[in-house]
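Numbers restart at 1 for each chain; the letters A, B, ... are given by sequence-line order, proteins then strands. Treat the numbers as computed from the prediction; the structure is a model and nothing was measured.
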Amino acid sequence: MKNQQVADILFRIADILDIKGEIFFKVRSYRVAGRTIESMGKDIEVVIKEGMLRDIPGIGEALEKKIKEIVETDQSEYLEKLKNEIPEGVLRMLGIPGLGPKKVSAIYKHLNITTIEDLKQACTDGKLRNLDGFGEITEINILRGIQLIEKTSGRALLNMAYADGNILVEYLKNCDRVKQISIAGSLRRRKETIGDIDILVSSDSSEEVMDFFVKYNDVQQIIAKGSTKTSVLLIDNLQVDLRVVKPESFGSALQYFTGSKDHNIKMRNLAMKKGYKLNEYGLFDKKTDEYIVGRNEEDVYQKLGLAYIEPELRENRGEIQAAIKNQLPNLVKNGDICGDIHIHSNWSDGFDTIETIVSQSKKMGHEYVGIADHSQSLKIARGLSEDRVIKKREEIDKINRKQDDGFRVFCGTECDIKSDGSLDYSDSILEIFDYVGIGIHTKFKMTREEATSRIIRGMENEYVTFVAHPTCRMIGRREPFDLDMEEIFDTAKSTGTCLEINSFPDRLDLNDIHCKQGKEKDVRFVINTDCHRVENMEFIRFGVATARRGWLEKSDILNTYILKEIEKSFGV
DNA sequence: GCCGTTTTCGGCCCGACTGTTTTCAGTCG
């Protein structure tokens, strides 16, 4: 049983209790425990085996018992009982923006509506307006909310939100009332998917900023407009929240609106313990309400006795304790990457020539690049036959001889791991390459044992440098393999194999949690794009962001090595 | 449901916006 599945059951229990009208704090306990388990670096089964479940903050006697039951039996008797009380469709209504537990409960109890389809009809027929606390506008808003979830299915990939957010920031800079501006929220933390874009501005004239904001060309609909907060929907269905604060509050507001929620709760508690009160307007003396700091985010952390915590770390995964002890990692930066070694050229299914890729790499300031085309059995992607491997080797040697600036092209491969774990080239061919990446591209349906041993057998080949996109997940399209990551990390360590952080926005594989877990086992990583056209080489920043979210430092990553070092590592 | 050198009972982060009210509840982040 995976951590995510345990968390999902806890979230479900919380939703039902919420609709039933259970006390807020009880409901919150289930959600807090769910979030902790979901983002925990350690396998929940291992935690239970070690008898450490109760040591996790937020898990007491009752939750311990329920979580153990879930892990042992794959289900929860308590949830099964609760499910009989609230129909599935009613739970789904909680996902509609603007609808919370109280309204959903009223809709279910008084009108006996149990599906979103029926709710839509009831709104159209004007049946909701007679309920206490409901009106005509409520009906319209619910209809809009239903339309929205039907259209967007929730969250956007990081690159989409990143592009939208940056263009919008540039637009807002044209408003002369804007003093300071920053992206905040999950986009600033570089989460792999983004629910909505948060932008923070400091200004002495918020009304004018808000007016300027809603006139942005790509605004489809204004959801809410006030003097401190305005929300709009862009034409690509991404929601943007703009907050405006006074300059003296910009730092504390940036801290507050960057989140995460759990990080902020920890921060507020810490502030309280130290005799302060922390909110988006600043850090205040708890007794006298006197303003202490708030202009800069750094000051807030410093005043609370903390080293500055980079946004990517703010997930309540131990960063506050580390900041107290001044033991935060020195995170890897975009500029630390010296070359991308997983790029497809037109020798297989890539779009560009090797020369074009070289020229783009130089533009990005890299010292080298690795061309890793597909191997022979992947016919659909024009995988290279053994003959063509030799020809490609000759072409790369020729290109290298032409470089007069010390730049180097490495000849690599993304060799298929066949279903039994053997590799798609013989050792005598693998020897031709400067380095070997291996990856799975066929037969994705496997048990945990099969998938784990398939990858491990691949890693045991002496020519292998790294495993590409190890879990093979595609965000929103394909679930990750159920892998025994502990075993994968141990083998990576013992064989000296790197694990890839694939930067493509719909992969981000390994993810942040894997990175942190792997680092604790002293595993080395490599950050690549796996791109098939040079326009996408800039996606490397999303891989770096994922590594940062996983607490990785420059020394944890193979392709931060300068040319001389990586040549030595490849033995070429 | 969790938690504790101020507490084993009584707290638990908190402010903005909306829509419904006529002073506030619900939702959101």
Is A/S231 touching bases, backbone alone, or none of the nucleic acid, heavy atoms closer than 4.0 Å?
nothing

Here's a test of your reading of the structure: between A/I96 and A/E61, which maps to the more 5' nucleotide of DNA chain B?
A/E61

For DNA chain B, determine which residues of residues 126-134 of chain A have any heavy atom closer than 4.0 angstrom to one of its atoms, and list them numerically.
A/G133, A/F134

chi for B/dT5 classified (syn = within 90 degrees of 0, anti otherwise) as anti

Check whether the side chains of A/Q239 and A/D241 place a donor and an acceptor atom closer than 3.5 Å, and report yes or no.
yes

Listed once per pair and sorted, the salt bridge (Lys or Arg N to Asp or Glu O under 4.0 Å) pairs that draw on residues 157-167 of chain A, sequence neighbours left out:
none

B/dC13 to B/dG29 separation - C1' atoms, rounded to the nearest Å
12 Å

Taking DNA chain B as the partner, which of residues 10-27 of chain A come within under 4.0 angstrom of it by heavy atom?
A/I23, A/F25, A/K26

If I pick the C1' atom on B/dT7 and the same atom on B/dC12, what distance separates them, to the nearest angstrom?
13 Å

First encountered from the 5' end of DNA chain B, between A/D196 and A/S227:
A/S227

Tell me which pairs pass salt bridge (Lys or Arg N to Asp or Glu O under 4.0 Å) where either residue lies in residues 104-118 of chain A, with sequence neighbours left out.
none

Salt bridge (Lys or Arg N to Asp or Glu O under 4.0 Å) partner of A/E315, chosen from A/K191, A/R548, A/K516, A/R189
A/R189

Once ring-ring contact (aromatic ring centres under 6.0 Å, His included) is applied, what residue pairs with a partner in residues 214-255 of chain A remain, sequence neighbours excluded?
A/Y171-A/Y216

Output all residues satisfying ring pair (Phe, Tyr, Trp, His ring centres under 6.0 Å) with A/H514, sequence neighbours left out; order by chain, then residue number.
none

Rounding to an integer number of angstrom, what distance separates B/dT6 and B/dG15 when you compare their C1' atoms?
28 Å

Is A/K261 touching bases, backbone alone, or none of the nucleic acid, heavy atoms closer than 4.0 Å?
base

Base, sugar-phosphate alone, or nothing: which one does A/K66 contact when heavy atoms must sit under 4.0 Å apart?
sugar-phosphate

Under the ring-ring contact (aromatic ring centres under 6.0 Å, His included) rule, what pairs show up with a residue in residues 6-57 of chain A, not counting sequence neighbours?
none

So what's B/dC12 paired with, Watson-Crick or G-U wobble, going by both distances under 3.5 Å?
B/dG1

For A/Y276, is the NZ or CZ atom of A/K303 found under 6.0 angstrom from the centre of its six-membered ring and inside 45 degrees of the ring axis?
no

Excluding sequence neighbours, so at least two apart, what forms salt bridge (charged side-chain N to carboxylate O under 4.0 Å, His left out) with A/D299?
none

Applying side-chain hydrogen bond (donor to acceptor under 3.5 Å, both in side chains) as the test, list every pair that has at least one member in residues 246-257 of chain A; sequence neighbours left out.
A/Q255-A/N264, A/Q255-A/Y301

Work out how far the P atom of B/dG26 is from that of B/dT21, and round it to whole angstrom.
13 Å

Give me each pair satisfying salt bridge (Lys or Arg N to Asp or Glu O under 4.0 Å) with a member in residues 172-186 of chain A, each pair once, sequence neighbours excluded.
A/E170-A/K173, A/R177-A/E208, A/K179-A/D204

Contact class for A/N264 (heavy atom, under 4.0 Å): base, sugar-phosphate, or nothing?
nothing

Same-atom distance (P) from B/dT27 to B/dT20, integer angstrom
13 Å

Just to be sure I understand the rule, does A/F257 reach a base, reach only the sugar-phosphate, or reach nothing, if contact means heavy atoms closer than 4.0 Å?
nothing

Between B/dT18 and B/dT23, how many Å separate the two C1' atoms, rounded to a whole number?
15 Å

What residue pairs, at least two apart or across chains, pass salt bridge (Lys or Arg N to Asp or Glu O under 4.0 Å) with a residue in residues 84-98 of chain A?
A/R12-A/E88, A/K20-A/E85, A/E88-A/R92

Taking 5' to 3' order, which nucleotide of DNA chain B is first and which is last to have an atom within less than 4.0 Å of a heavy atom in chain A?
B/dG1 to B/dG29

